[in-house]
Each structure stands twice: as structure tokens, then as C-alpha cells.
Amino acid sequence: MLSSNKKPQDKSTTFGFLFYFVALLGWSIYDFFVTGTTGWQVPILFLGFAIYLWTKVFYQQRKIKETVKESELKLK
């Protein structure tokens, strides 16, 4: 993937996750005050948060490996 396409994709992914996070957090807080329980929103929120962070770490490690490979090729 071209680096020029990578940055807008990272930004849109982050904005999408922030919307998802705020919507589920707001819904769980509302549900907690109305019913006294948080319901399924919190487990879904934590699962989505874990997946989002795992993919960020995975792609960051991938980027580091590509950078190391490129620098090794330049040294040869």
C-alpha cells in the first residue's frame, strides 16, 4: 500500500473507533442509570477496544519490520 493512502486510512479508522467507543459508552451509562445494569454494551465495548488495540500493535510491528528490512537492503 502506498504511504500516501495509509495515513488517511489510519485517521478514518481512528475516527470510526472513537465514534463506536463514545456511542457504546454513552449507551451503557444511560442504561446503567435507567435499569441499574450496564447490559451487553460494556463487554462489546471492551472486546472492540481490545481488537482495535491489537490491530494497532500488529500494524506498528509490521511497519517496524518493513523499515528494518529497507535499512538492511540499503546497507548491502
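All values reported here derive from a predicted model rather than from experimental measurement. Here, residue 1 is the first one in the sequence, and each next residue gets the next number.
Residues that satisfy the ring pair (Phe, Tyr, Trp, His ring centres under 6.0 Å) test with Tyr20, not counting sequence neighbours, are Phe17. Here Thr55 pairs with nothing under the side-chain hydrogen bond (donor to acceptor under 3.5 Å, both in side chains) rule; sequence neighbours left out. In terms of the side-chain hydrogen bond (donor to acceptor under 3.5 Å, both in side chains) criterion, Thr38 has no residue partners (sequence neighbours excluded). When the side chain to side chain contact (heavy atoms under 4.5 Å, CB included) test is applied to Gln60, the partners found at least two apart in sequence or on another chain are Lys63, Ile64.
Note on Phe46 and Phe21: separate hydrophobic clusters, where clusters join Ile, Leu, Val, Met, Phe, Trp and Tyr whose side-chain heavy atoms are under 4.5 Å apart, directly or indirectly. Leu25 and Trp40 end up in the same hydrophobic cluster when Ile, Leu, Val, Met, Phe, Trp and Tyr side chains are linked at under 4.5 Å. Transitive grouping of hydrophobic side chains (ILVMFWY, heavy atoms separated by less than 4.5 Å) brings Phe49 and Leu45 into a common cluster.
Clustering of Ile, Leu, Val, Met, Phe, Trp and Tyr side chains at separations under 4.5 Å places Leu18 together with Phe15. Applying the 4.5 Å side-chain rule to ILVMFWY residues, one finds that Val57 remains a lone member of its cluster.
Residue pairs that meet the side-chain hydrogen bond (donor to acceptor under 3.5 Å, both in side chains) test with at least one member in residues 21-30, sequence neighbours left out, do not exist here. Applying the side-chain hydrogen bond (donor to acceptor under 3.5 Å, both in side chains) rule to pairs touching residues 41-51 yields Asp31-Gln41, sequence neighbours excluded.
Two residues are said to be in side-chain contact when any heavy atoms from C-beta on lie closer than 4.5 Å; Thr13 and Lys56 fail this criterion.
From Trp54, atom CH2 reaches atom OH of Tyr59 across 8.0 Å, with rounding to the nearest 0.5 Å. One distance of note links CZ of Phe19 with CG of Leu24; it measures 9.0 Å at 0.5 Å rounding.
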